[in-house]
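Values reported hereafter were calculated over all heavy atoms of this structure, with side chains retained and with hydrogens, waters and symmetry mates removed.
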Amino acid sequence: MNLFNSALGKNITFVHPAYFIISGFSGILNIKYYYVFLCFVYIVTVLGNTVVMAVIYFDHNLRTPKYIAVFNLAFVDLFGSSALMPKLLDIFLFNHRYIPYNDCLTFLFFCYSCLCMQSFNLVALSYDRLIAIIFPLHYQVKVTHRFMLSLIASFWVFVITVVLIAVGLLTRLSFCESVVINSYFCDHGQLYRLSCNDHSPSSIISFLYPVLIFWLPLIFILLSYLYIGCTLVKVATVQEGLKAFKTCISHLSLVAIYFIPVLITFTLMEKIHPNFRIMNLSLTSIFPPMLNPIIYVLQTQEIKVSVKRLLKIKGKSKIIKK
């Protein structure tokens with residue numbers, strides 16, 4: 001981070017506190033039960049996404065471009081939940097609300113990287129559905145393993161770069177008075193507002209990033225499904241259209257579950273009550289990773305067949321050993 005702490009070769013001293021204090025909810029009785037509930041959600045998330053990753057890894061029939069994106073979705077969900085939940089439980093259930101300065105920035109980086117990457121995972125999956133339905137004969141040519149790997153890698157590079165820029169600009173801020181972060185984790189918006197020097201670059205980023213990371217991907221997804229719907233109406237019968245669109249319903253459910261609360265939080269920002277913002281963002285961070293395997297993956301026919309096949313192979317191997 002030292003690279004960000006020198007402006008055009010000039011040495012500038014910034015006042016960095018030894019630690020920040022995570023405030024969490026205010027004025028809500030028995031809020032610990034909410035964190036216990038999040039702990040249960042986290043356990044389901046770990047189990048569900050681990051199963052999905054294991055099935056895709058062990059079944060060679062699922063080594064397709066689509067399931068490269070699905071594997072990455074499960075990985076991001078598992079990694080993001082593991083970056084957030086253990087620390088969250090440590091802060092609020094065990095009352096360790098003091099978090100060192102560098103740890104706080106690291107916490108912010110991993111949480112935001114995974115939250116943003118979920119958005120681009122949904123873009124990759126919507127592109128896969130678009131090509132599969134509109135250009136089925138060209139699908140094998142247009143959506144290859146190399147293309148999908150390159151697409152996902154480019155998304156990772158973009159997300160890591162923009163989050164690093166946001167974190168780097170935070171290191172150029174001085175914190176002279178309050179060190180209490182009015183959130184449940186090291187939230188970017190709450191952090192830069194605590195600074196006592198000019199935080200204009202961070203303020204601009206807080207308005208620009210939601211457009212780049214949430215609104216533009218959502219617009220692409222909605223336009224892709226609008227195109228799918230218009231094309232099916234023109235070229236397919238009602239029965240064929242419904243059958244094709246059924247393959248998109250689970251993905252659209254995930255889009256709604258993820259984007260609606262995120263956009264409410266990042267669009268309204270300070271206009272909503274802090275407790276509502278914390279509740280909304282915490283559920284957004286933990287619920288989609290739990291629901292992704294249940295709604296999108298484990299309901300997929302290919303995954304069901306794969307699980308049955310793997311269980312049969314395991315059963316046969318036990319019989320042979322006996």
For the side chain of [X] and the backbone of [Y], is there at least one donor-acceptor N/O pair under 3.5 Å apart?
X: His199; Y: Arg193; result: no
X: Asn49; Y: Pro289; result: yes
X: Thr50; Y: Val46; result: yes

Tell me, with the steps shown, if Ile22 and Ser183 meet side chain to side chain contact (heavy atoms under 4.5 Å, CB included).
-> CA-CA 6 Å; Ile22 309 295; Ser183 186; 5.7 Å; no
Stepwise, does the side chain to side chain contact (heavy atoms under 4.5 Å, CB included) test hold for Lys66 with Val143?
-> CA-CA 8 Å; Lys66 173 186 175 181; Val143 185; over 6 Å; no
Rounded distance (nearest 0.5 Å) linking atom [atom1] of [X] with atom [atom2] of [Y]:
X: Ile21; Y: Ile181; atom1: CD1; atom2: CD1; answer: 9.5 Å
X: Lys87; Y: Ile99; atom1: NZ; atom2: CD1; answer: 4.5 Å
X: Leu223; Y: Ser126; atom1: CG; atom2: OG; answer: 10.0 Å
X: Ser174; Y: Asp198; atom1: OG; atom2: CG; answer: 11.0 Å
X: Lys142; Y: Met148; atom1: NZ; atom2: CE; answer: 13.5 Å
X: Asn275; Y: Asn182; atom1: CG; atom2: CG; answer: 8.0 Å

For Phe185 and Phe110, what are the C-alpha separation, side-chain angles and deciding distance, and is it a ring-ring contact (aromatic ring centres under 6.0 Å, His included)?
-> CA-CA 11 Å; Phe185 76 118; Phe110 284 112; over 10 Å; no
Does one hydrophobic cluster hold both [X] and [Y], with members joined at side-chain heavy-atom distances below 4.5 Å?
X: Ile43; Y: Leu89; answer: no
X: Leu78; Y: Phe40; answer: yes
X: Phe94; Y: Met85; answer: yes
X: Val180; Y: Val15; answer: no
X: Tyr192; Y: Ile204; answer: no

List the steps and the verdict of ring-ring contact (aromatic ring centres under 6.0 Å, His included) for Phe120 and Phe158.
-> CA-CA 10 Å; Phe120 290 104; Phe158 176 74; 5.7 Å; yes
Report the C-alpha separation of Phe175 and Tyr101 in whole Å, then their side-chain angles, then the decisive distance to 0.1 Å, and conclude whether the side chain to side chain contact (heavy atoms under 4.5 Å, CB included) test is met.
-> CA-CA 11 Å; Phe175 300 88; Tyr101 175 83; 4.2 Å; yes
Of the options Phe147, Tyr139, Phe155, which is the one that meets Tyr127 in a ring pair (Phe, Tyr, Trp, His ring centres under 6.0 Å)?
-> Phe147
Sub-4.5 Å side-chain heavy-atom contact between [X] and [Y]:
X: Tyr42; Y: Pro86; value: yes
X: Leu122; Y: Gln118; value: no
X: Phe25; Y: Tyr34; value: yes
X: Phe220; Y: Leu216; value: no
X: Phe259; Y: Ser119; value: yes
X: Phe75; Y: Asn121; value: no
X: His145; Y: Ile68; value: yes
X: Met117; Y: Asn72; value: yes

Closest approach of [X] to [Y] (non-hydrogen atoms, all atoms of both residues):
X: Pro65; Y: Thr144; result: CG-C, 3.5 Å
X: Cys111; Y: Leu84; result: SG-CD1, 3.9 Å
X: Asn197; Y: Arg172; result: ND2-O, 3.1 Å
X: Pro288; Y: Leu283; result: CD-O, 3.5 Å
X: Asn61; Y: Thr64; result: O-CG2, 3.9 Å
X: Leu125; Y: Ala69; result: CD2-CB, 3.8 Å

Answer yes or no on whether Arg97 is positioned over the face of Phe20, meaning its NZ or CZ is under 6.0 Å from the six-membered ring centre and within 45° of the axis.
-> no
Mind telling me whether [Y] and [X] have parallel, tilted or perpendicular rings, with 30° and 60° as the class edges?
X: Phe135; Y: His138; value: perpendicular
X: Phe37; Y: Phe287; value: tilted
X: Tyr258; Y: Phe214; value: tilted

Are more than 12 heavy atoms from other residues, nucleotides or ligands located less than 6.0 Å from atom CH2 of Trp156?
-> yes
Check: Tyr35 ring centroid to Tyr184 ring centroid under 6.0 Å = no
Less than 6.0 Å separating the ring centroids of Tyr57 and Phe71?
-> no
Pair Tyr112-Val162, side chain to side chain contact (heavy atoms under 4.5 Å, CB included): steps then yes or no | CA-CA 10 Å; Tyr112 269 93; Val162 296; over 6 Å; no
Any chance the SGs on Cys196 and Cys176 are under 2.5 Å from each other?
-> yes
